[in-house]
Structures are given as C-alpha cells and as structure tokens.
Amino acid sequence: MCAMRPEGFAVPSRESATSTAQEEFRISSSGAMAQRGRLAAISTEIPARLERLPWGRFHTLVVMALGITWILDGLEVTLAGSVAGALKDSPALAFNDRDVGIAGSAYLVGAVAGALFFGWLTDRMGRRRLFFLTISVYLTATALTGLSWNGWTFWLFRLLTGAGIGGEYAAINSTIQELVPARYRGATDLMINGSFWVGAALGAAGAIVLLDPRILNPETGWRLCFFIGATLGLVVFLMRMWIPESPRWLVLHGRESEAESVVAGIEARLRAGGHELAPIGAGKAISLRPRRHTPMAEVFVTLLRTHRQRTLIGLALMTAQAFFYNAIFFTYALVLTKFYAVSSNEVGWYILPFAAGNFLGPVLLGRLFDTAGRRVMIASTYALSGLLLLGCGGLFAAGLLSAVSQTLAWMVIFFFASPAASAAYLTVSETFPIEIRALAIAIFYAIGTGIGGAAAPILFGLLIQSGSRASVFSGYAFGAVLMLGAALAAALGAVRAERKPLEEVARPLSAV
C-alpha cells in the first residue's frame, strides 16, 4: 500500500503496522472517508507545487473559462440599465422609474441569496460541480427574462438570474484563487473582475442595435437583449468542461490521489509547452487533517473571533463598493435620460467609454497590487474614487456638466473605482482559510450587497424621479463618504497578502 501512495503525500507513522495500514486504507478510499468523522492527517506538497508553477496556457484557459463570469454579470447589469427606457415604454410592463429600480434590486437580492446558498454548497461539494450548476441557473433565468409577460414575472426572473450570478462569485473566485500562483494572484484577480466591463461594453453595443426602432420593434428588442446572456452562458458551460477540480479542495477532503493526478496533469502540460519547473524547496509540505465539511459554528468563530479585524475590513470594502457601483450604474441610463434628455436607444453610446475606463483601471493598475502592495493600493484607489465622486457630484448639482462631460467624469472616477471594487473581492477571497473560502466570499458579498447594494438602485431611482439635482448629489455624497471610510480602514489594517501563498496568508483550519 505504501508503494502505491502518490509522491508528495505521507501518512504519519503509527505504533503498529496494523494501525498504519488501517489509516492508509481509510485515506485511499474516498467513500469510506466520507463516512468516518475524524480522518488521519496527511502531509502534502500540492500547494507548494501549484505555487511554483510558471504562467502557462493552462492558467490562461482557466482565466478565460472562469473569468467570463464577470463578463456575464457586466452584460446583465448593463442590459438592465440600457433597456430602462424600453421597459418604461413596454405595453406589457409599463414600468416607471421606481419599477426599474425594483428590477435592479431584485437582481441584487437574488445574487445575495444565490451567493449564500451556492457558497455553502461550494465548500461542501467542490468548486467544479457548483460552477456548472450556477451557470445553468443563470442561462435559464436570463432567457426567461426575455419572455416576461408582466412586471412580476420580470422581477422574478431577474431575481433568479441574480441567484445564478451570485453563486458564480463564490465558486469561481475560490477556484481562481486556488489555481493561480501567488506572484500573479493580485493582477490576475483584478483583471478578471475588471472583465465585468467587457460584458458591459457588449451589453451596450447589443442595446444600441436591438433598441434601435429603425431595426426592431422596441418591445422585441429589449427581449432579445436578454437572450445575448443566455447564448453566452451556453458557450461558457461548454468551455468549462475541461477545467479540473481545485487540487487544494481535493486534498482538504482526503482525495489526495485525485489532487495528485490533477497537479501532475498541469505540470505535464507546462513541460510539454517548454516550461522548466522549479524544484520544490525543503520544508514546503504542509500537514492537514482532511474533513468532510466545516461546521457553521467554526465558520463564525473564524470570522468573528480568529480573524475579526479581517472581517471588519472586508465588510467595509464590500459594502462601500457595492453601494458606490450599484447606486450609479443601475441608474446610469435614468440620469442620462432624465437630466440630459438622452434618448433611451442612444444610452449605449455613453456606456461604452464608461466601460472602457472601468476595464482599463484594473488592467493598468493591477500589477501594482502585487508590487506596491495591497494596503497602499486598496487605500489609495478607494480614497481617490470617493474624492473624485464628490467633485463630480458637485459639478452635476450645479448644472455645469453635459451628457458628454458627465460621462467623461464618470470614466475618470471609475478608472480608480474599478480596481478598488475588484480589490474588495480579492481581499475576502485570499485572507480567509480554504475550508471556508467560498462561504466567506458569499457572506461578505451578501452583507455588502444586501446593505450597500440592494437598496441603492431603489434609493437612487426615487432621488432621480424627484427631478432634483441636489437630491441626487446627496446620494453621491453618501457613496463617497462610504468609500473614504473604507479607504481609512484599508490603510490601517488591510492584510499585506501580496506574493504570499494562500496557506501563508491564512493558515488552514485543518492544519496540523
């Protein structure tokens, strides 16, 4: 039995050969392990082997297949904003500004519920199973949105669409964090989250065509917009077929032979691509006691006691960016149509430069999060976002901006706000132990979005409906204050996680 054990794994010796054999049999049989409560500890070099890998085609394909989640989210949010005018003109829906805000909030409430439920399942059932389940929920619900026959069905399908996307956040963030080496983790995570704005640009471009009354009846056009997401979702489903389960998750659940097979396969692909793999340094193995799942009591002890400061900072970052983004972007079209008399079928043209600024921010600043460091970059991007929004809001309230200058101002603001928001997801996904990583992401996303995000579209919908620039500015000012508060929290206590392996940033709960 010892000769059969994969290289890099070792079971601690026992006082007798009989007990040793029994322990090794328990570890090698995943079915038996699932039925036994406490499992024997194992020593593994799997994390070290993943961390020392050079960037290769495997990592690029993982980023493409999993990172497209944010493209879908950007598509969904943009479509919801771009079709706002068409929804108000729809004979089936006959929405007003408040109803459009409710639709945005329904999407966010669904995302919160989906994140919590699917995040809990992700830590129990594995990353791979869940990112197939969540994408299926998403593509089905967004297709049904295009078939809505009244306001209530539209809100329901938007809620279910959000549930799919919320579940994606937990499963996908966990997988990417656990597969990408530490020296690339910050820039990669920010670029992936920034790809939200590639989806935003796609949604804007699609809305420009499909909402043009010279091409399609607007009632048909807004419905077809949502089928763009369903089509992309189907493509994503197929792209993910080859992605393996996270080896770190497999080891944690006692399936080390499967983890060994996955890592060996990745290493073989890199060698075949001409890469030389660095040797594993001495003392890089870690000892873990595999577990089926982590009790909820241990989850809350970890969040509220062991890592209390990290929890408070994560909440500050997530809540501030959720309000900041959802308040402005879900009502972007309403501001343009209400205060600048922009036609609803032309809104997409204004979203394209806005999306460009949001995408360029993480791309151009992302590397600094790995070099200058997390604390400096998170604090500075949050602070700049808040200060710039205050200045832009003041100009808006004074009536000194046009539709074009307003868009350019938002483009500059969100050049910094986009990496700031992405850094919030990076922070909560890398600074908590692997056993609770997916659920932690879900909890922070749920609280941040529930407190800061879900109410924002309704609040701003009402502020915009009032027609008062001063009222809208008060909402902008509140969002700016939240960002400045989060900047201060990050400056004082954000974890310096740059270029450190996940197990060094947050020691596994099951470590021996």
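These values consider heavy atoms only, across backbone and side chains, with no hydrogens, waters or symmetry-generated copies. Computed from a prediction, not measured in an experiment: that's the story for all the values here.
The structure places OG1 of Thr134 at 10.0 Å from CZ of Phe237, a figure rounded to the nearest 0.5 Å. Atom OG1 of residue Thr140 and atom CG of residue Leu234 lie 10.0 Å apart, to the nearest 0.5 angstrom. Note that CG of Leu439 and OG of Ser174 are 9.5 Å apart. Values are rounded to the nearest 0.5 Å.
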For Val342 and Trp349: C-alpha separation, side-chain torsions, deciding distance, then whether side chain to side chain contact (heavy atoms under 4.5 Å, CB included) applies. CA-CA 10 Å; Val342 173; Trp349 293 110; over 6 Å; no
Take Val335 and Trp410 through the test side chain to side chain contact (heavy atoms under 4.5 Å, CB included) and record every step on the way to the result. CA-CA 12 Å; Val335 170; Trp410 276 333; 3.8 Å; yes
Hey, mind stepping through Ser418 and Leu365 against side chain to side chain contact (heavy atoms under 4.5 Å, CB included) and telling me if it holds? CA-CA 10 Å; Ser418 184; Leu365 301 180; over 6 Å; no
With side chain to side chain contact (heavy atoms under 4.5 Å, CB included) as the test, would you mind laying out the steps for Leu252 and Ile434 before giving the verdict? CA-CA 8 Å; Leu252 180 65; Ile434 183 174; 4.2 Å; yes
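Within the 4.5 Å cutoff, the side chain of Leu303 has heavy atoms near those of the Ile436 side chain. Counting heavy atoms from C-beta outward, Phe118 and Leu133 have side chains that approach closer than 4.5 Å. In this structure the side chain of Leu317 never reaches within 4.5 angstrom of the side chain of Phe444, judged on heavy atoms. Between Leu121 and Phe117 the shortest side-chain heavy-atom distance falls below 4.5 Å. Side-chain contact check for Arg367 versus Asp370: some heavy-atom pair is nearer than 4.5 Å. When side chains are defined from C-beta on, Pro47 does not count as touching Leu502, because their heavy atoms never get closer than 4.5 Å. Looking only at side-chain heavy atoms (C-beta outward), Thr306 and Val301 come within less than 4.5 Å of each other. Counting only heavy atoms from C-beta outward, the side chains of Tyr138 and Thr161 approach each other to under 4.5 Å.
Within a 6.0 Å radius of CE in Met296, other residues, nucleotides and ligands contribute more than 12 heavy atoms.
In this structure, the side chain of Arg308 engages the main chain of Leu304 through a donor-acceptor pair within 3.5 Å. Counting only distance, with no hydrogens or angles, the side chain of Arg437 and the backbone of Ser429 share a donor-acceptor pair below 3.5 Å. Between the Ser402 side chain and the Ser405 main chain, a donor and an acceptor come within less than 3.5 Å of each other.
Ser246 and Glu178 share a side-chain donor-acceptor pair at under 3.5 Å. In summary, the side chains of Trp249 and Thr175 do not present any donor paired with an acceptor at a separation below 3.5 Å, with no hydrogens or angles considered.
Between Phe354 and Trp197, the angle of the ring planes goes over 60°, which puts this pair in the perpendicular group of the 30/60° scheme.
Aromatic pair Trp155/Phe95: ring centres closer than 6.0 Å. A distance below 6.0 Å separates the ring centres of Phe414 and Tyr325.
Within the cation-pi definition used here (under 6.0 Å to the ring centroid, within 45° of the axis), Arg469 qualifies as a partner of Tyr340.
Between Glu168 and Arg240 there is a salt bridge, with a side-chain nitrogen of the basic residue lying less than 4.0 Å from a carboxylate oxygen of the acidic one.
Applying salt bridge (Lys or Arg N to Asp or Glu O under 4.0 Å) to Glu430 and the options Arg310, Lys500, Arg374, Arg496 leaves one that passes, Arg374.
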